[in-house]
Amino acid sequence: MDLITKAPKGTQDLTPEKTRRWQIAEQVLIGEAELNGFGEIRTPAFEHTELFQRGMGDVTDVVEKQMYTFEDKGGRSVTLRPEGTAGAVRAMLENGLYNAGYPVKLYYNIPCYRYEKPQAGRMREFRTFGVEVFGAAEPIADAQMIAMAMSAFKRLGLEDVGLQLNSIGCPECRKEYHRALKEYFTGNRDKLCSTCLSRLDRNPMRILDCKNPECKELAKNAPVITDYLCGDCREHFNKVQEYLTALGIGFELDPGLVRGLDYYTRTVFEFPSGSLGFALGGGGRYDGLVEEMGGSPTPGLGFGLGMDRIMLALEEGKVEFPEEDRCEVYIAAMGDKAQVKALELVDRLHRCGIIADCDICGRGLKAQMKYAGKIGAKFSMVLGEDELSSGSAVLKDMSSGETRKVSIGDDFVDGYLTFSTAQEDLSF
RNA sequence: GUGGACGUAGCUUAGCUGGUCAAAGCGCCAGAUUGUGGCUCUGGAGACCGUGGGUUCGAAUCCCACCGCCCACCCCA
């Protein structure tokens with residue numbers, strides 16, 4: 001197949017039928033966010049490259065090898081966003097959203113881009129539904145955020161989504177942990193891959209999720225972060241667990257859960273799918289990020305959900321979607337004059353919020369009727385010379401076959417409504 | 001980055017021990033006594049069998065390369 005007839009690798013088209021289902025799912029998530037007082041923020045699809053390097057950490061896999069980075073015609077290095085948090089933080093600061101008072105609660109539903117080898121649930125262009133909260137340092141915020149996600153999963157009809165939880169501490173207690181990690185890995189430095197050797201000094205935690213088999217083996221016996229949490233972090237983590245339990249939300253502690261981005265502090269979590277081999281999303285707290293990006297010290301936390309993955313999970317779980325709103329009236333017309341009249345009547349129906357349609361392909365009467373049947377029209381009507389001169393036409397109930405004469409004059413819509421609602425009453 | 005499968009009409013596929021093999025279903029279009037759909041019947045359009053080489057008298061069918069796509073590992077959303 002020609003290059004131009006094929007979407008680029010790792011991208012997909014959402015056809016109307018698919019898009020309809022996406023919109024329904026998105027609406028559930030948006031609804032959940034708005035119930036919790038979140039407002040939608042829309043930020044650019046590309047940002048200055050430094051934003052992501054600074055925000056996500058330049059030793060991360062994403063920044064090191066998965067970003068779509070290019071120079072624009074003005075010589076600036078820009079990058080298609082690989083995630084939503086960095087842009088949200090930037091926009092929050094740039095627009096002074098904190099001036100309205102804390103907490104600032106934002107959500108977004110955006111396409112993101114990463115250069116990866118595509119497979120199920122992993123696209124180069126993928127959609128993320130994310131939320132961010134700024135200015136809330138208390139563990140209750142962590143619990144509420146997680147509860148919100150779990151509630152959304154439930155409302156979507158996804159019953160088997162899990163929750164994995166960990167705390168990776170604050171910079172203070174992480175210092176201790178880094179020291180211990182460094183000591184451990186330095187003692188085994190001859191077994192580390194070259195990438196990890198460079199990570200050893202800069203960011204030893206990254207070694208824990210290196211893909212190299214030898215590094216993985218080493219990581220198994222490495223010191224565990226939760227043994228090194230400082231008093232405050234330990235208490236924070238305990239409280240989060242306590243609140244979740246009080247809310248009836250089950251979770252699994254996973255000391256190995258580190259997350260792929262550097263900005264996380266304290267609470268981190270993922271939502272593993274029960275039926276698919278990957279997480280539907282994840283997130284955590286990032287108390288140092290806002291300051292790192294030039295703002296004043298501000299706690300923050302958020303999560304991102306992979307919309308593509310949620311859609312896969314809904315499919316896998318055979319979650320049913322409501323039927324599409326079908327065409328209610330189809331007006332078939334014969335001849336130029338009747339066609340114009342049909343268009344006018346259809347327009348009048350539209351003004352009353354009634355889904356109506358007529359032919360625009362120049363088809364014959366029979367083909368038009370066939371089309372009406374195909375699109376599932378509830379009622380049909382035929383317009384020709386006779387109807388135009390008599391001022392009335394026959395409205396037909398497509399499923400029962402019942403017909404009734406209605407005026408096509410000024411009182412057309414009234415007449416239509418009388419007949420159509422009467423028909424619906426019969427069906428009940 | 002490593003590994004595995006696949007690539008035939010719009011869609012789903014058959015054909016794959018090489019020689020009427022270019023098919024079927026669905027979809028689409030048009031007809032079945034002239035202005036009424038759904039069922040049935042009939043007909044029609046539509047594929048250089050992913051691309052390029054090679055083996056052969058002859059390849060969709062065997063070999064190689066490339067491209068594409070899907071999946072697993074890894075990681076993440």
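Reminder, nothing fancy here: chain letters follow the sequence lines and each chain counts from 1. Worth knowing before you read on, the calculation uses all heavy atoms, side chains too, and leaves out hydrogens, waters and symmetry mates.
Residues satisfying the salt bridge (charged side-chain N to carboxylate O under 4.0 Å, His left out) test with A/Arg122, not counting sequence neighbours, are A/Glu116. Contacts of A/Thr49 classified as side-chain hydrogen bond (donor to acceptor under 3.5 Å, both in side chains), with partners at least two apart in sequence or in another chain: A/Ser77, A/Thr79.
Scanning atom types as modelled, no donor and acceptor separated by under 3.5 angstrom connect the side chain of A/Glu125 and the base of B/A77. The base of B/C74 lies close enough to the side chain of A/Arg122 for a donor and an acceptor atom to sit less than 3.5 Å apart. For B/C73, its base sits under 3.5 Å from the side chain of A/Gln119 at one donor and acceptor pair at least.
Here the shortest heavy-atom pairing between A/Arg174 and A/Gly169 reads NH2-O, 3.3 Å. In terms of heavy-atom proximity, A/Ala222 sits nearest to A/Leu181 at CB-CD2, 4.0 Å. Across all non-hydrogen atoms, the minimal contact from A/Glu323 to A/Arg20 is C-NH1, 3.7 Å. Residue A/Cys358 comes nearest to A/Leu343 through the heavy atom pair SG-CD1, 3.7 Å, listed as atom of the first residue, atom of the second, then distance.
Here A/Phe126 lies parallel enough and close enough to stack on the base of B/A77, with planes under 30° and ring centres under 5.5 Å apart.
Of the residues in residues 32-45 of chain A, not one places a heavy atom less than 4.0 Å from an atom of RNA chain B. Shown for residues 14-23 of chain A: no residue has heavy atoms falling under 4.0 angstrom of RNA chain B. Near RNA chain B, meaning a heavy atom under 4.0 Å from it, residues 279-286 of chain A has A/Ala279, A/Leu280, A/Gly281, A/Gly282 in order of number.
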Produce the list of close N/O pairs, under 3.5 Å, pairing protein atoms with atoms of nucleotides 3-10 of chain B; give distances to one decimal.
unit_1: B/G3; atom_1: O6; unit_2: A/Lys117; atom_2: NZ; d: 3.2

Please tabulate, one pair per line, each protein N/O and nucleotide N/O from nucleotides 27-30 of chain B that are separated by under 3.5 Å, including the distance.
unit_1: B/C29; atom_1: OP1; unit_2: A/Arg363; atom_2: NH1; d: 2.9

Taking only nitrogen or oxygen atoms into account, show me every contact under 3.5 Å that the protein makes with nucleotides 33-36 of chain B, one pair per line with its distance.
unit_1: B/G35; atom_1: O6; unit_2: A/Asp386; atom_2: N; d: 3.2
unit_1: B/G35; atom_1: O6; unit_2: A/Asp386; atom_2: OD1; d: 3.2
unit_1: B/G35; atom_1: O6; unit_2: A/Asp386; atom_2: OD2; d: 2.7
unit_1: B/G35; atom_1: N1; unit_2: A/Glu387; atom_2: OE1; d: 3.0
unit_1: B/G35; atom_1: N1; unit_2: A/Glu387; atom_2: OE2; d: 3.3
unit_1: B/G35; atom_1: N2; unit_2: A/Glu387; atom_2: OE1; d: 3.4
unit_1: B/G35; atom_1: N2; unit_2: A/Glu387; atom_2: OE2; d: 2.4
unit_1: B/U36; atom_1: O2'; unit_2: A/Lys396; atom_2: NZ; d: 3.4

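Going from the C1' atom of B/G68 to that of B/C49 covers 16 Å, rounded to whole Å. Taking atom C1' in both B/C26 and B/C66, the straight-line distance is 34 Å, to the nearest Å.
Within the structure, every side-chain polar atom (N or O) of A/Lys65 is placed at least 4.0 Å from both OP1 and OP2 of B/G1.
Between A/Gly304 and A/Met398, the one whose closest nucleotide on RNA chain B sits nearer the 5' end is A/Met398. Comparing A/Gly10 and A/Arg309 along RNA chain B, the residue whose closest nucleotide (by nearest heavy atom) sits nearer the 5' end is A/Gly10.
Pairing for B/A24 is with B/U12, a Watson-Crick or G-U wobble pair whose two hydrogen-bonding atom distances lie under 3.5 Å.
Here A/Ala372 lies out of heavy-atom contact (under 4.0 Å) with every strand. The residue A/Met123 sits close to a base: some heavy atom pair falls under 4.0 Å. Within the nucleic acid shown, A/Phe278 comes within 4.0 Å of at least one base atom, counting heavy atoms only. Within the 4.0 angstrom heavy-atom criterion, base atoms lie near A/Glu116.
Annotation: A/Glu17, atom CD; neighbour count of heavy atoms from other residues, nucleotides and ligands within 6.0 Å is above 12. Applying the 6.0 Å contact sphere to CG of A/Asp325 captures no more than 12 heavy atoms from other residues, nucleotides or ligands. Heavy atoms of other residues, nucleotides or ligands lying less than 6.0 angstrom from CZ of A/Arg54 number 12 at most. In this structure, A/Asp410 places its CG atom where only 12 or fewer heavy-atom neighbours from other residues, nucleotides or ligands lie under 6.0 Å away.
Listed by first and then second residue, the ring pair (Phe, Tyr, Trp, His ring centres under 6.0 Å) pairs that reach into residues 108-137 of chain A are A/Tyr68-A/Tyr115, A/Tyr107-A/Phe129, sequence neighbours excluded. Listed by first then second residue, pairs satisfying ring pair (Phe, Tyr, Trp, His ring centres under 6.0 Å) with a partner in residues 20-65 of chain A number zero, not counting sequence neighbours.
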Donor-acceptor list for residues 299-310 of chain A side chains, cut-off 3.5 Å, not counting sequence neighbours:
unit_1: A/Asp308; atom_1: OD1; unit_2: A/Arg127; atom_2: N; d: 2.9
unit_1: A/Asp308; atom_1: OD2; unit_2: A/Gln12; atom_2: NE2; d: 2.7
unit_1: A/Arg309; atom_1: NE; unit_2: A/Gly121; atom_2: O; d: 2.7
unit_1: A/Arg309; atom_1: NH1; unit_2: A/Ala279; atom_2: O; d: 2.9
unit_1: A/Arg309; atom_1: NH2; unit_2: A/Gly121; atom_2: O; d: 3.1

Next item on the list: Give the B/S/- string for nucleotides 41-46 of chain B, one per nucleotide from 5' to 3', where a protein heavy atom under 4.0 Å of the base yields B, of only the sugar-phosphate yields S, and otherwise -.
Entry: ------
